[in-house]
Amino acid sequence: MTVADPGLPLLHTRSYDVSSYRESDTRLRIRGRVHDVKPPGLYLPEDPDPMSIHQMVVDVVVEFPSLIIVDAQVVMETHPHPHCVEIVDHYKNLIGLSITRGFTHKVRELFGGPRGCTHTTALLQAMAPVAIQSMWSMMASAEGETAVEVGHRSTPDIRERMQFNRNTCHVWSEDGPMFSLLDQGEDPPPPLWVQERMEKLGLDPADWHNRRG
């Protein structure tokens, strides 16, 4: 489903861009950027160009597979006030935190409100899920195999392999549809995007689980 352009006057655009990189077999780097832009002419009627008002970058280095943060850096490329940058060193307190469960609560506790930059703190909360999304990618990039093959070889029990998804959303809740299938000894179906790509490549999606060995 595609969401149509509302065709209304634009007031503000905020974008988050988060990428993860393999630094070594035991470390990954997660880099996030938040960018706020006002449309042309909103602040200065004679200005023909969009105006960037916030642009913050957060870099965290994370141990794998523990996902403990071992280094953190904040850079404020565009900010409204000279004093904004005085808070960047406070984000070194990310070091030692796990970027998995409980991370959002800890970020609010350490950096919420007057204890941090609201835009940088919001970006951090958007970065945490990328660490989880990078787990199998990290294994695959180290082994030169597909993520599914690596996961199958390193942890033969698919239920154990899926534990990092537990209670992350309603689909993967303890009593949700995915764990219900696992409880019955069945493999969950492949993601919709895998099914679509396999069909595009002329492959049978029903063969997805056979490709793990």
Side-chain angles (χ1 to χ4, degrees), residues 1-23 27-62 67 69-135 137-138 141 168-171 191-193 196-197 200:
M1 178 181 177
T2 301
V3 179
D5 188 319
L8 300 171
L10 181 64
L11 297 176
H12 187 92
T13 299
R14 165 166 284 200
S15 59
Y16 293 99
D17 182 13
V18 183
S19 298
S20 62
Y21 306 88
R22 177 179 174 271
E23 283 209 340
R27 287 192 175 186
L28 63 150
R29 180 179 296 270
I30 303 174
R31 175 169 294 174
R33 182 186 301 271
V34 59
H35 191 196
D36 283 325
V37 180
K38 295 295 186 185
L42 190 65
Y43 280 169
L44 303 171
E46 60 271 45
D47 188 354
D49 298 319
M51 182 180 290
S52 293
I53 64 168
H54 301 120
Q55 192 159 204
M56 285 78 179
V57 178
V58 176
D59 242 19
V60 293
V61 178
V62 180
L67 296 185
I69 297 172
V70 295
D71 195 14
Q73 181 182 18
V74 169
V75 177
M76 295 190 176
E77 296 180 341
T78 305
H79 49 88
H81 310 292
H83 296 291
C84 289
V85 297
E86 294 173 0
I87 199 67
V88 297
D89 286 343
H90 179 54
Y91 285 89
K92 289 289 185 183
N93 288 306
L94 288 164
I95 296 172
L97 298 183
S98 168
I99 202 169
T100 54
R101 293 178 188 174
F103 180 72
T104 296
H105 174 76
K106 196 65 178 177
V107 164
R108 288 174 182 160
E109 181 182 289
L110 289 173
F111 311 110
R115 296 177 296 280
C117 162
T118 182
H119 315 295
T120 302
T121 300
L123 171 59
L124 277 169
Q125 294 171 354
M127 291 171 66
V130 176
I132 300 298
Q133 294 294 320
S134 301
M135 291 285 283
S137 300
M138 186 70 175
S141 67
T168 55
C169 70
H170 71 103
V171 173
L192 294 175
W193 34 265
E196 293 170 1
R197 183 59 58 88
K200 183 177 180 179

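Just so it is clear, the values below take in all heavy atoms, side chains as well, and ignore hydrogens, waters and symmetry mates.
Judged purely by atom type and a 3.5 angstrom limit, Tyr91 uses its side chain to pair as donor or acceptor with the backbone of Cys117. Between the side chain of His90 and the main chain of Arg115, a donor-acceptor pair closer than 3.5 Å is present.
In this structure, Leu28 and Arg22 have side chains that are not in contact, with every pair of non-hydrogen atoms separated by 4.5 Å or more. The shortest side-chain heavy-atom distance between Ile87 and Phe111 does not fall under the 4.5 Å cut-off. When side chains are defined from C-beta on, Ser52 counts as touching Val37, because their heavy atoms get closer than 4.5 Å. Residues Pro39 and Pro50 are not in side-chain contact: their nearest non-hydrogen atoms beyond the backbone lie 4.5 Å or more apart. In this structure, Ile99 and Val130 have side chains that are not in contact, with every pair of non-hydrogen atoms separated by 4.5 Å or more.
Residues Ser134 and Ser20 approach most closely at OG-OG, 2.7 Å, considering heavy atoms. Here the closest non-hydrogen pair linking Val107 and Thr121 is CG1-CG2, 3.5 Å. Of all non-hydrogen atoms in Ala126 and Tyr16, the two that sit nearest each other are CB-CD2, 4.2 Å.
Atoms CZ and CE, on Arg27 and Met138 in that order, are 10.5 Å from each other to the nearest 0.5 Å.
No more than 12 heavy atoms of other residues, nucleotides or ligands sit less than 6.0 Å from atom NE2 of His105.
At a cut-off of 3.5 Å, with distance as the only test, a side-chain donor of His119 or Arg14 sits close to an acceptor on the other residue.
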Pairs of donor and acceptor atoms involving the side chains of residues 71-82, under 3.5 Å and at least two apart or interchain, shall be tabulated with distances.
{"residue": "Glu77", "atom": "OE1", "partner": "Arg33", "partner atom": "NH1", "Å": "2.7"}
{"residue": "His79", "atom": "ND1", "partner": "His81", "partner atom": "O", "Å": "3.0"}

